[in-house]
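Contents: one structure, followed by commentary.
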Amino acid sequence: MKFLDTLFEQKSRQLAQRSSRRGMLKGLGTLLVGGAAIPLLPVARASAAASKPAEEGDPNSCDYWRYCAIDGFLCGCCGGSANTCPPGTEMSPITWIGTCRNPVDGRNYVISYNDCCGKSSCGACLCQRDEGDRPPYRSDKTNDVNWCLGTSSAVYHCSTAVVVGVAFED
Amino acid sequence: MRTSILVLSLLLSTVCAANESAWDKAHFNYQMFCQGCHTPDGSGANSVPRLKGHVGTFLQTEEGREYLVRVPGSATSSLDNEELAAVLNWILIEFSGDSLAENYEPYKVDEIGRLRRNPLNEVVLYRSKLLADIAHRGDAKQ
């Protein structure tokens, strides 16, 4: 035991002679402040981007940027909007998803084309742009099917185009 | 001394940024390939199975673990093995809640490659049988 006492005493004294007490604080401070400041540098932070981007254009017009992959009647012309269903219809939670480039900021966004269901076809503002549409054998990437799944009624009325995120780009 | 600490901080933040980027990519692939049916928070709807608070249960048996890779939505998706492993691991962390054991093994890329070569044809009955087996194991333990 005496041996251990001597060893630790010697090592403690050596450490005290070689290092300054403030050095430890300084080092720790640099690590904390430096480490906290670096993530503020301008690196790609897709998750930090606002999910509601700056937009321009007419949401009731087929050339509106969010409709790049749509196939249906625009809910904005049917008593709803690009984000909401007309009264008396129910939004399907099961949707066709694609990405569209927003001309305002040049970024691609993930768009969810939730169908509104429960009333017969709206019939106004038919818009069929279909970018990224795949044949029915890729059932998750085809917009030719009725996406009124998961609603109490499978009758299709119109389509919304909700921005749900920023597309990841390598 | 100060330089080495600065280098260490830089390294740490680079690693964090890389992890964050991989996480964002997995989330994006979930959105593009899974979310349309499984919904943004994994709740599912009607016949679409619920992931939220539940998906980790499958990792209690080897067959259950294989099931999550062999379901057609996983096995036949256009994601490559690395992307599919990342999405499945993202789903496990994001949606499992209490259903995932703390000491679970994340999916590995070569494991994904091996399992997805054998996709399931019949899913619904197989899934019920798996869950019944898992529930039975749970009862036997108590």
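Numbers restart at 1 for each chain; the letters A, B, ... are given by sequence-line order, proteins then strands. All of these numbers come straight from a predicted model, not from anything done at the bench.
- Of the two parts of Thr99(A), the backbone and the side chain both hold a non-hydrogen atom closer than 4.5 Å to a non-hydrogen atom of chain B.
- Taking hydrophobic clusters as Ile, Leu, Val, Met, Phe, Trp and Tyr residues chained together by side-chain heavy-atom distances below 4.5 Å, Tyr113(A) shares a cluster with Val166(A).
- When Pro40(B), Gly73(B), Ala45(B) are compared by the number of non-hydrogen pairs under 4.5 Å with chain A, Ala45(B) comes out ahead.
- Residues in residues 81-102 of chain B take part in these side-chain hydrogen bond (donor to acceptor under 3.5 Å, both in side chains) pairs, two or more places apart or across chains: Asn81(B)-Arg116(B).
- Linking ILVMFWY side-chain heavy atoms closer than 4.5 Å, directly or via other members, places Trp147(A) and Leu126(A) in two distinct hydrophobic clusters.
- Taken together through direct or relayed side-chain contacts under 4.5 Å among Ile, Leu, Val, Met, Phe, Trp and Tyr, Ile94(A) and Tyr156(A) form parts of separate hydrophobic clusters.
- Both Leu79(B) and Tyr30(B) belong to a common hydrophobic cluster when Ile, Leu, Val, Met, Phe, Trp and Tyr are linked at side-chain heavy-atom distances under 4.5 angstrom.
- Neither the backbone nor the side chain of Ser47(B) comes within contact range of chain A; no heavy atom of the residue lies under 4.5 Å from a heavy atom of that chain.
- With a 4.5 Å cut-off on non-hydrogen atoms, Ser43(B) does not touch chain A at all.
- Contacts from residues 68-91 of chain A to chain B, taken as heavy-atom pairs separated by less than 4.5 Å, involve no residues at all.
- Hydrophobic clustering (side-chain heavy atoms under 4.5 Å, transitive across Ile, Leu, Val, Met, Phe, Trp, Tyr) groups Ile93(B) together with Leu88(B).
- Put simply, of Gly44(B), Ser78(B), Cys34(B), the one with the most heavy-atom pairs under 4.5 Å next to chain A is Ser78(B).
- Checking side-chain atoms of Gln31(B) against main-chain N and O of Val164(A) turns up a donor-acceptor pair under 3.5 Å.
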